[in-house]
Amino acid sequence: MLLTGMFALPGTLYAQGTNPDAVYASYPTYNGQDLELVVDNSGTKFALWSPKATAVRVNLYDTGRNTPVTRTLEMRLTPGGVWRTSVPEQLYGKFYTFQVKMGDKWLNETPGVWAKAVGTNGHRAAIIDFAATNPEGWEADHGPAINAITDAVLYEMHHRDFSVHPSSGITHKGKFLALTEPMTKSPLGDATGIDHLKELGVTHVHILPSYDYNSVDEANLPANQYNWGYDPYNYNAPEGSYSTDPANPSTRVREMKQMVKALHDAGIGVVMDVVYNHTANNDDSNFSLTAPGYYYRHREDGSYSDASGCGNETASDRQQMRDFIINSVKYWAKEYHIDGFRFDLMAIHDTETMSQVAAALKEINPNIFIYGEGWTAGDSPLPVERRALKENVAKMKGIAVFSDDIRDAVKGHYSNAADRGFATGKPGNEETVKIGIVASTAHPQVDYKKGNNSRFPYASAPTQIINYVSCHDDLTLTDKLAKSMPGTTEAQRQRAARLAQTIVFTSQGTPFMFAGEEVFRDKKGVHNSYKSPDSVNAIDWTLKHVNADQFHYYQELIKLRRAHPAFRMTTAEDIARNIVFDNEKRPNVISYSIKNNAGGDSFNEIKLVFNGQEAPIEVKIPHGDWTVIARDGQLNADGLDTTRGGKMTVPATSALILARTK
Ligand code: CA
């Protein structure tokens with residue numbers, strides 16, 4: 001509440017010169033599970049947390065938009081800063097908004113922060129029967145069991161990228177339901193959709209934001225707008241444009257569950273990309289319209305701080321926001337059976353919140369895992385030591401971070417298109433690639449002082465590291481190689497992609513790939529395609545035929561990793577004991593062994609030689625009965641042939657992988 005004489009700055013409720021954290025810390029908080037809406041035998045109950053409001057009301061509507069209020073319910077303040085009201089009827093089928101009065105001013109309407117079903121464009125919340133949205137067999141549905149996150153093979157996809165191209169052969173293009181369609185094929189006869197995922201062998205799809213986001217106009221879907229969805233609007237309801245009928249609030253809920261069920265039935269888990277670090281709007285976000293100022297961090301002048309680079313940053317270190325994040329992921333895990341969460345700009349959140357997120361989710365399902373971007377996009381008032389940074393990952397139990405170390409070292413710097421990396425012939429990245437191989441854990445043969453991006457072993461276990469060379473952000477691997485290797489043939493660039501991904505998929509930690517890399521998809525050189533048209537973002541599935549050898553290589557690479565626990569060790573001690581680097585001084589060459597039947601592997605020793613030079617090299621392999629798994633850009637998880645070792649040639653831009661059982 002504004003006190004006389006206080007000077008309010010936009011988005012804040014505290015006087016200039018006062019400490020906002022102290023002001024907000026004085027708010028009563030409420031962590032009950034009945035916020036927003038409960039419908040049961042005694043009727044319909046509304047609850048909204050807004051400790052400083054002077055009045056709050058509920059507006060009821062017959063439809064999701066463009067119709068007048070049919071009834072208004074006044075709410076009353078109860079302990080914990082929660083406003084409540086109820087009616088004896090079950091209001092299924094109706095829509096509602098909350099409206100908060102601050103001082104003597106009514107704020108704009110909001111569906112609240114806990115709307116679980118919404119109408120078109122999410123401006124009004126909906127009252128639906130969730131039990132009626134469950135697909136058949138939902139009670140028995142569950143995702144794949146994994147021993148540790150390092151057993152996962154992550155495939156990052158956007159719903160439209162994956163299915164919208166005419167060549168997908170999929171009926172529900174760009175929709176949740178696209179992933180429920182079996183037996184789809186490209187015009188050239190290759191499997192697409194969910195069958196393609198099964199063929200490739202990934203364990204989990206990581207879907208780009210699928211909560212209700214702001215940018216795509218759900219009332220005008222024929223316009224075929226595209227957005228990645230990093231502009232959150234309603235955190236606890238699915239995005240309408242991915243449903244077949246955004247105007248029916250039950251449809252998006254049911255269809256997202258059908259997608260999860262179809263993937264689970266195929267043995268594939270679902271990881272959701274979550275973006276609690278900022279909201280699409282500032283003063284008009286659902287957070288601001290319910291408890292102005294509270295959910296955000298501010299600069300000393302009262303303006304929104306902006307570690308997200310999107311205009312604001314949320315305040316996970318405040319109790320009600322922390323509880324919101326924890327309860328929200330728990331909700332997705334329970335209601336939608338989500339198997340993992342990827343936190344966008346995770347370092348905007350504090351380490352304590354992330355530890356609590358992991359603990360709460362593991363309690364629901366021990367197979368759930370959490371990873372995130374261990375960085376921010378700008379400075380934050382949150383002290384560095386409390387940020388969920390890559391460098392602080394060891395402080396967070398059950399959390400993994402993306403390794404920008406291996407990413408930039410293997411292919412070249414992410415933002416400098418022309419820059420090359422280890423796999424594309426630029427020397428000086430060897431030690432950083434080795435940091436990637438040992439998953440940023442302490443290893444006696446890895447000199448962190450020579451690391452490009454990190455100078456100390458920040459991970460205490462490989463389960464804390466996600467390895468990758470590209471994702472939806474920045475240039476696709478195909479485009480990066482085209483821009484950094486001018487004058488080369490596509491065949492040469494495909495060799496470079498194979499070498500790059502071989503390093504990723506054989507490294508300790510968890511491998512992650514961007515959808516379509518397995519068919520060498522590009523994005524026409526567009527590095528920030530967040531709102532580019534389908535013509536840039538859609539995967540052309542005829543590439544699976546054109547680049548069949550590339551697809552086959554990825555398939556075998558994934559098969560190799562999944563068949564051999566030596567690539568999936570779970571402790572730093574095992575890595576330090578079982579990985580032995582050879583004394584290799586040549587630039588762009590790394591040679592190492594994974595020994596001792598690591599992780600209980602059937603192979604006693606796996607020898608890996610990566611040649612990032614643009615010329616062949618010779619290596620000396622100890623004599624023995626070796627199976628050749630990879631050589632000269634070919635890979636077969638069961639073996640290409642055999643060798644006795646000795647002097648061997650490793651052709652330009654390729655990996656040699658040998659294995660022996662004794
Ligand atoms: Ca939306």
Side-chain angles (χ1 to χ4, degrees), residues 36 61 63-66 95-98 108-128 133 157-164 172-179 207-260 272-282 284-290 308 310-312 314 328 331-332 335-336 338 344 472 529-534 537:
E36 184 91 13
Y61 297 93
T63 73
R65 61 193 191 109
N66 299 338
F95 294 78
Y96 65 91
T97 62
F98 294 103
N108 290 336
E109 291 170 78
T110 169
V113 302
W114 263 105
K116 293 168 183 159
V118 294
T120 305
N121 285 329
H123 298 316
R124 294 177 186 172
I127 305 170
I128 68 166
T133 64
M157 67 155 70
H158 184 281
H159 297 290
R160 284 186 82 88
D161 288 33
F162 191 68
S163 60
V164 84
H172 297 291
K173 291 183 174 64
K175 306 291 181 187
F176 292 128
L177 290 183
L179 285 159
I207 50 174
L208 259 65
S210 298
Y211 52 75
D212 181 33
Y213 59 78
N214 202 44
S215 48
V216 171
D217 183 4
E218 299 174 10
N220 189 20
L221 291 186
N224 279 330
Q225 300 157 73
Y226 181 99
N227 204 285
W228 282 344
Y230 292 92
D231 52 339
Y233 186 51
N234 289 296
Y235 282 103
N236 300 298
E239 162 61 15
S241 66
Y242 298 143
S243 80
T244 58
D245 184 8
N248 183 336
S250 295
T251 304
R252 62 179 79 188
V253 176
R254 183 182 304 110
E255 290 179 350
M256 187 165 175
K257 288 178 177 177
Q258 285 176 273
M259 174 198 77
V260 172
M272 231 175 89
D273 194 337
V274 288
V275 188
Y276 297 107
N277 67 77
H278 75 276
T279 52
N281 300 315
N282 290 353
D284 265 331
S285 75
N286 296 326
F287 285 145
S288 294
L289 293 177
T290 55
S308 70
C310 298
N312 61 68
T314 57
S328 181
Y331 174 69
W332 285 103
E335 184 68 31
Y336 291 87
I338 297 298
D344 186 65
H472 70 278
S529 67
Y530 77 101
K531 60 176 185 181
S532 299
D534 293 336
N537 282 303

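Indexing begins at 1, ligand by ligand and atom by atom, following the structure's order.
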Next item on the list: Examine distances only and state if a side-chain atom of S288 and a backbone atom of N282 form a donor-acceptor pair shorter than 3.5 Å.
Entry: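 Yes, S288 side chain to N282 backbone: donor-acceptor pair under 3.5 Å.
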Notebook entry, point to check: Is E255 reaching over with its side chain to a backbone N or O of T244, donor-acceptor style, under 3.5 angstrom?
Noted result: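 A pair under 3.5 Å: yes.
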Checklist line | Shortest-distance N/O/S atom, E239 versus the Ca ion (ligand 1) | finding: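 The atom in question is OE1.
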Check: For E218, what is the atom name of its N, O or S atom nearest to the Ca ion (ligand 1)?
Finding: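 It is OE2, the N, O or S atom of E218 closest to the Ca ion (ligand 1).
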Item checked: Identified side-chain contact (heavy atoms from CB on, under 4.5 Å) counterpart of Y233 within the set N286, T279, V118, N121 ->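 Result for side-chain contact (heavy atoms from CB on, under 4.5 Å) with Y233: N286.
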Margin query: Before moving on, can you tell me the angle at the Ca ion (ligand 1) between the O atom of Y213 and the OD1 atom of D212, to the nearest 10 degrees?
Written below: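 Reported to 10°, the angle equals 100°.
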Check: Looking at side-chain heavy atoms only, is the closest gap between L208 and H159 below 4.5 Å?
Finding: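 A side-chain contact is absent here, since even the closest heavy-atom pair is not under 4.5 Å.
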